[in-house]
Amino acid sequence: MAAKTKEQLELEYQSFIPYIESLDALAEADWEAPIEAGKWSLKEMLCHIMLWDKYFYEEAIAKVKEDQPLTVTHQNFNEFNARAVEYAKPLNKQTAIQQFVLYRKKILDVIMLSGEEEFAKIHLDGDRKKFSFRGYLRDFIPHDKHHKKQMEQYIQSITGK
(Lines give C-alpha, C1' and ligand atoms only; values in the text may rest on other atoms or scores of the structure.)
Protein backbone atom coordinates (compact mmCIF):
# COMPACT_ATOMS: atom_id res chain seq x y z
CA MET A 1 0.00 0.00 0.00
CA ALA A 2 1.34 3.41 -0.96
CA ALA A 3 2.09 5.99 1.69
CA LYS A 4 -0.89 8.17 2.43
CA THR A 5 -0.87 11.84 1.50
CA LYS A 6 -1.23 14.64 4.01
CA GLU A 7 -4.84 15.14 2.90
CA GLN A 8 -5.68 11.43 3.20
CA LEU A 9 -4.29 11.30 6.74
CA GLU A 10 -6.14 14.48 7.73
CA LEU A 11 -9.45 13.20 6.35
CA GLU A 12 -9.04 9.86 8.07
CA TYR A 13 -8.23 11.53 11.41
CA GLN A 14 -11.13 13.97 10.96
CA SER A 15 -13.60 11.20 10.06
CA PHE A 16 -13.74 10.06 13.69
CA ILE A 17 -15.55 13.30 14.66
CA PRO A 18 -18.91 12.61 12.94
CA TYR A 19 -18.78 9.00 14.14
CA ILE A 20 -18.36 10.08 17.77
CA GLU A 21 -21.04 12.76 17.34
CA SER A 22 -23.44 10.08 16.06
CA LEU A 23 -23.08 8.22 19.36
CA ASP A 24 -24.98 11.03 21.08
CA ALA A 25 -28.15 9.14 20.03
CA LEU A 26 -27.33 6.37 22.51
CA ALA A 27 -28.94 6.43 25.94
CA GLU A 28 -26.85 7.82 28.80
CA ALA A 29 -27.03 4.39 30.49
CA ASP A 30 -25.42 2.80 27.42
CA TRP A 31 -22.59 5.33 27.71
CA GLU A 32 -22.01 4.44 31.36
CA ALA A 33 -22.03 0.63 31.05
CA PRO A 34 -18.76 -1.23 30.45
CA ILE A 35 -18.52 -2.39 26.83
CA GLU A 36 -17.87 -5.85 28.29
CA ALA A 37 -16.93 -7.25 31.70
CA GLY A 38 -13.76 -5.62 33.01
CA LYS A 39 -13.60 -3.08 30.16
CA TRP A 40 -14.19 0.66 29.90
CA SER A 41 -17.51 2.31 29.16
CA LEU A 42 -17.97 4.33 25.95
CA LYS A 43 -17.60 7.52 28.00
CA GLU A 44 -14.37 6.33 29.62
CA MET A 45 -13.02 5.23 26.23
CA LEU A 46 -13.90 8.59 24.69
CA CYS A 47 -12.25 10.48 27.58
CA HIS A 48 -9.16 8.29 27.11
CA ILE A 49 -8.99 9.32 23.44
CA MET A 50 -9.79 12.96 24.19
CA LEU A 51 -7.15 13.25 26.92
CA TRP A 52 -4.50 11.87 24.58
CA ASP A 53 -5.61 14.44 21.98
CA LYS A 54 -5.51 17.21 24.62
CA TYR A 55 -2.08 16.11 25.86
CA PHE A 56 -0.53 16.01 22.38
CA TYR A 57 -2.24 19.24 21.37
CA GLU A 58 -0.96 21.17 24.41
CA GLU A 59 2.48 19.59 24.72
CA ALA A 60 3.43 19.14 21.05
CA ILE A 61 1.10 20.42 18.32
CA ALA A 62 0.43 23.88 19.78
CA LYS A 63 4.15 24.14 20.63
CA VAL A 64 5.08 23.51 16.98
CA LYS A 65 2.54 26.16 15.92
CA GLU A 66 4.02 28.65 18.40
CA ASP A 67 7.61 27.68 17.48
CA GLN A 68 8.32 26.62 21.07
CA PRO A 69 10.20 23.57 22.36
CA LEU A 70 8.01 20.48 22.61
CA THR A 71 7.25 19.33 26.16
CA VAL A 72 5.52 16.06 25.27
CA THR A 73 7.20 13.10 27.00
CA HIS A 74 6.61 9.36 27.18
CA GLN A 75 3.76 8.68 29.59
CA ASN A 76 3.04 5.72 31.81
CA PHE A 77 0.03 4.42 29.86
CA ASN A 78 -1.58 2.71 32.85
CA GLU A 79 -1.43 5.88 34.98
CA PHE A 80 -2.61 8.08 32.09
CA ASN A 81 -5.51 5.73 31.35
CA ALA A 82 -6.47 5.51 35.03
CA ARG A 83 -6.65 9.33 35.11
CA ALA A 84 -8.92 9.22 32.04
CA VAL A 85 -11.33 6.88 33.84
CA GLU A 86 -11.43 9.24 36.83
CA TYR A 87 -11.82 12.26 34.55
CA ALA A 88 -14.84 10.64 32.87
CA LYS A 89 -16.82 10.03 36.08
CA PRO A 90 -18.55 13.41 36.49
CA LEU A 91 -19.12 14.01 32.76
CA ASN A 92 -22.30 13.37 30.83
CA LYS A 93 -22.13 12.08 27.26
CA GLN A 94 -22.69 15.53 25.67
CA THR A 95 -19.78 17.04 27.61
CA ALA A 96 -17.51 14.11 26.76
CA ILE A 97 -18.41 14.39 23.07
CA GLN A 98 -17.97 18.19 23.06
CA GLN A 99 -14.52 17.93 24.65
CA PHE A 100 -13.45 15.27 22.16
CA VAL A 101 -14.63 17.40 19.22
CA LEU A 102 -12.95 20.51 20.65
CA TYR A 103 -9.48 18.95 20.92
CA ARG A 104 -9.76 16.96 17.70
CA LYS A 105 -10.65 20.18 15.82
CA LYS A 106 -7.82 22.12 17.53
CA ILE A 107 -5.34 19.50 16.33
CA LEU A 108 -6.80 19.48 12.82
CA ASP A 109 -6.85 23.29 12.62
CA VAL A 110 -3.08 23.38 13.18
CA ILE A 111 -2.18 20.37 11.05
CA MET A 112 -4.40 21.31 8.11
CA LEU A 113 -2.89 24.81 7.97
CA SER A 114 0.63 23.38 7.89
CA GLY A 115 2.33 23.02 4.55
CA GLU A 116 3.77 19.74 3.30
CA GLU A 117 7.22 20.67 4.63
CA GLU A 118 5.94 21.54 8.12
CA PHE A 119 3.71 18.43 8.10
CA ALA A 120 6.74 16.17 7.64
CA LYS A 121 9.23 18.26 9.66
CA ILE A 122 10.89 16.37 12.52
CA HIS A 123 10.90 18.04 15.93
CA LEU A 124 12.41 16.67 19.12
CA ASP A 125 10.04 16.09 22.01
CA GLY A 126 10.78 16.44 25.73
CA ASP A 127 12.43 13.01 25.70
CA ARG A 128 14.53 13.96 22.63
CA LYS A 129 12.47 11.57 20.49
CA LYS A 130 11.27 12.43 16.99
CA PHE A 131 7.84 14.03 16.56
CA SER A 132 6.13 15.16 13.37
CA PHE A 133 2.53 15.86 12.42
CA ARG A 134 2.74 13.02 9.89
CA GLY A 135 4.04 10.61 12.53
CA TYR A 136 1.40 11.73 14.99
CA LEU A 137 -1.45 10.99 12.57
CA ARG A 138 0.14 7.67 11.54
CA ASP A 139 0.29 6.67 15.22
CA PHE A 140 -3.14 7.84 16.30
CA ILE A 141 -5.32 6.82 13.35
CA PRO A 142 -4.80 3.11 14.17
CA HIS A 143 -5.52 3.95 17.84
CA ASP A 144 -8.83 5.53 16.77
CA LYS A 145 -9.64 2.50 14.59
CA HIS A 146 -8.92 0.11 17.46
CA HIS A 147 -11.36 1.91 19.76
CA LYS A 148 -13.93 2.47 17.00
CA LYS A 149 -14.03 -1.28 16.39
CA GLN A 150 -14.63 -1.87 20.13
CA MET A 151 -17.38 0.76 20.11
CA GLU A 152 -19.06 -0.73 17.05
CA GLN A 153 -19.04 -4.23 18.55
CA TYR A 154 -20.55 -2.90 21.78
CA ILE A 155 -23.24 -0.90 19.98
CA GLN A 156 -24.11 -3.92 17.87
CA SER A 157 -24.44 -5.99 21.05
CA ILE A 158 -26.91 -3.53 22.63
CA THR A 159 -28.89 -2.51 19.54
CA GLY A 160 -28.65 -5.59 17.37
CA LYS A 161 -27.57 -3.32 14.48
Side-chain angles (χ1 to χ4, degrees), residues 1 4 6-65 70-112 125-127 129 131-161:
M1 186 171 126
K4 292 185 177 173
K6 176 180 183 285
E7 290 74 21
Q8 287 170 322
L9 289 168
E10 290 166 347
L11 284 170
E12 202 167 345
Y13 189 70
Q14 189 175 32
S15 72
F16 206 36
I17 296 172
Y19 175 75
I20 294 298
E21 289 174 328
S22 77
L23 302 181
D24 190 28
L26 295 171
E28 195 79 43
D30 293 332
W31 271 81
E32 301 286 341
I35 63 165
E36 58 183 81
K39 297 284 188 182
W40 290 336
S41 66
L42 286 179
K43 185 174 72 170
E44 291 165 341
M45 197 180 306
L46 186 59
C47 286
H48 155 81
I49 296 164
M50 181 278 297
L51 287 174
W52 278 113
D53 281 2
K54 179 179 187 288
Y55 178 71
F56 273 91
Y57 174 75
E58 292 175 350
E59 306 299 331
I61 294 162
K63 302 281 186 185
V64 169
K65 179 184 171 194
L70 278 58
T71 52
V72 66
T73 57
H74 179 78
Q75 296 293 299
N76 178 310
F77 297 139
N78 292 332
E79 289 175 13
F80 192 97
N81 294 340
R83 286 195 303 271
V85 169
E86 284 303 308
Y87 182 89
K89 284 182 179 172
L91 301 183
N92 63 29
K93 69 177 176 177
Q94 284 84 11
T95 304
I97 291 169
Q98 287 167 355
Q99 289 183 1
F100 166 78
V101 171
L102 171 75
Y103 282 100
R104 186 59 54 114
K105 285 184 174 176
K106 283 181 178 235
I107 289 169
L108 283 160
D109 286 348
V110 174
I111 291 177
M112 291 172 88
D125 69 17
D127 289 333
K129 301 261 191 297
F131 175 87
S132 69
F133 291 160
R134 177 183 300 282
Y136 174 79
L137 293 183
R138 282 185 172 160
D139 286 347
F140 275 86
I141 289 169
H143 181 250
D144 285 352
K145 286 181 175 176
H146 164 72
H147 288 303
K148 183 178 181 185
K149 184 177 179 186
Q150 291 176 313
M151 292 173 178
E152 288 171 338
Q153 288 171 339
Y154 168 70
I155 292 163
Q156 186 176 12
S157 76
I158 59 171
T159 64
K161 296 178 190 169

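The model shown is predicted, which means the values in this text are computed figures rather than measured ones.
Between atom NZ of residue Lys39 and atom CD of residue Glu44 there is a gap of 12.5 Å, rounded to the nearest 0.5 Å. Atom NZ of Lys65 sits about 10.0 Å away from atom CZ of Phe133, to the nearest 0.5 Å. Atoms CD and CZ, from Glu12 and Arg138 in turn, are 11.5 Å apart once rounded to the nearest 0.5 Å. Atoms OG and NZ, from Ser15 and Lys145 in turn, are 8.0 Å apart once rounded to the nearest 0.5 Å. Here the straight-line distance linking atom CD of Gln99 with atom CG of Asp53 works out to 11.5 Å at 0.5 Å rounding. Of the inter-residue distances, the one linking Asp30 atom CG with Leu23 atom CG reads 10.5 Å to the nearest 0.5 angstrom.
Closest of all the heavy-atom pairs between Lys4 and Arg134 is O-NH1, 3.2 Å. The shortest heavy-atom contact between Leu42 and Met151 is CD2-CG, 3.5 Å. When all heavy atoms of Cys47 and Ala84 are compared, the pair lying nearest together is CB-O, 3.9 Å. Nearest heavy-atom pair across Lys93 and Ala25 is NZ-C, 4.2 Å. Of all heavy-atom pairs spanning Glu32 and Ser41, the tightest one is O-CB, 3.4 Å.
Contact of the Val101 side chain with the Glu21 side chain is registered, since non-hydrogen atoms from C-beta on lie closer than 4.5 Å. Considering only heavy atoms from C-beta on, Gln75 comes within 4.5 Å of Arg83 through its side chain. Leu46 has its side chain within reach of Trp31: a pair of non-hydrogen atoms, C-beta onward, lies under 4.5 Å apart. Leu137 is listed as a side-chain neighbour of Ile111, based on a closest heavy-atom distance under 4.5 Å. Here the side chains of Gln98 and Met50 are not in contact, with every heavy-atom distance at 4.5 Å or above. Using a 4.5 Å heavy-atom cutoff, the side chains of Ile107 and Tyr13 are in contact.
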message: Test side chain to side chain contact (heavy atoms under 4.5 Å, CB included) on Gln14 and Met112; report intermediate values, then the result.
response: CA-CA 10 Å; Gln14 189 175 32; Met112 291 172 88; 4.2 Å; yes
- request: Could you give me the CA-CA distance, side-chain angles and deciding distance for Thr73 and Asp125, then say whether side chain to side chain contact (heavy atoms under 4.5 Å, CB included) is met?
  value: CA-CA 6 Å; Thr73 57; Asp125 69 17; 5.9 Å; no
message: The test is side chain to side chain contact (heavy atoms under 4.5 Å, CB included); show your working for Ile49 and Tyr103 and say whether it passes.
response: CA-CA 10 Å; Ile49 296 164; Tyr103 282 100; over 6 Å; no
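Side-chain atoms of Lys43 come within 3.5 Å of backbone atoms of Leu91 as a donor-acceptor pair (strictly under, hydrogens ignored).
In summary, Glu86 and Lys89 engage in a salt bridge, as defined by a charged side-chain N under 4.0 Å from a carboxylate O.
Between His147 and His143, the ring-plane angle classifies as perpendicular under the 30° and 60° cut-offs. Between Phe80 and Tyr55, the angle of the ring planes goes over 60°, which puts this pair in the perpendicular group of the 30/60° scheme. Between Trp40 and His48, the ring-plane angle classifies as tilted under the 30° and 60° cut-offs. Between Tyr136 and Phe131, the two ring planes are tilted [angle within 30° to 60°].
Around the NZ atom of Lys6, the shell of radius 6.0 Å holds more than 12 heavy atoms that belong to other residues, nucleotides or ligands.
A search for side-chain contact (heavy atoms from CB on, under 4.5 Å) contacts involving Asn76 returns Asn78, Glu79, not counting sequence neighbours. Residues satisfying the ring-ring contact (aromatic ring centres under 6.0 Å, His included) test with His74, not counting sequence neighbours, are Phe77.
Remark: of the listed residues Ile61, Leu11, Ile17, Ile17 is the sole one forming a side-chain contact (heavy atoms from CB on, under 4.5 Å) with Leu108.
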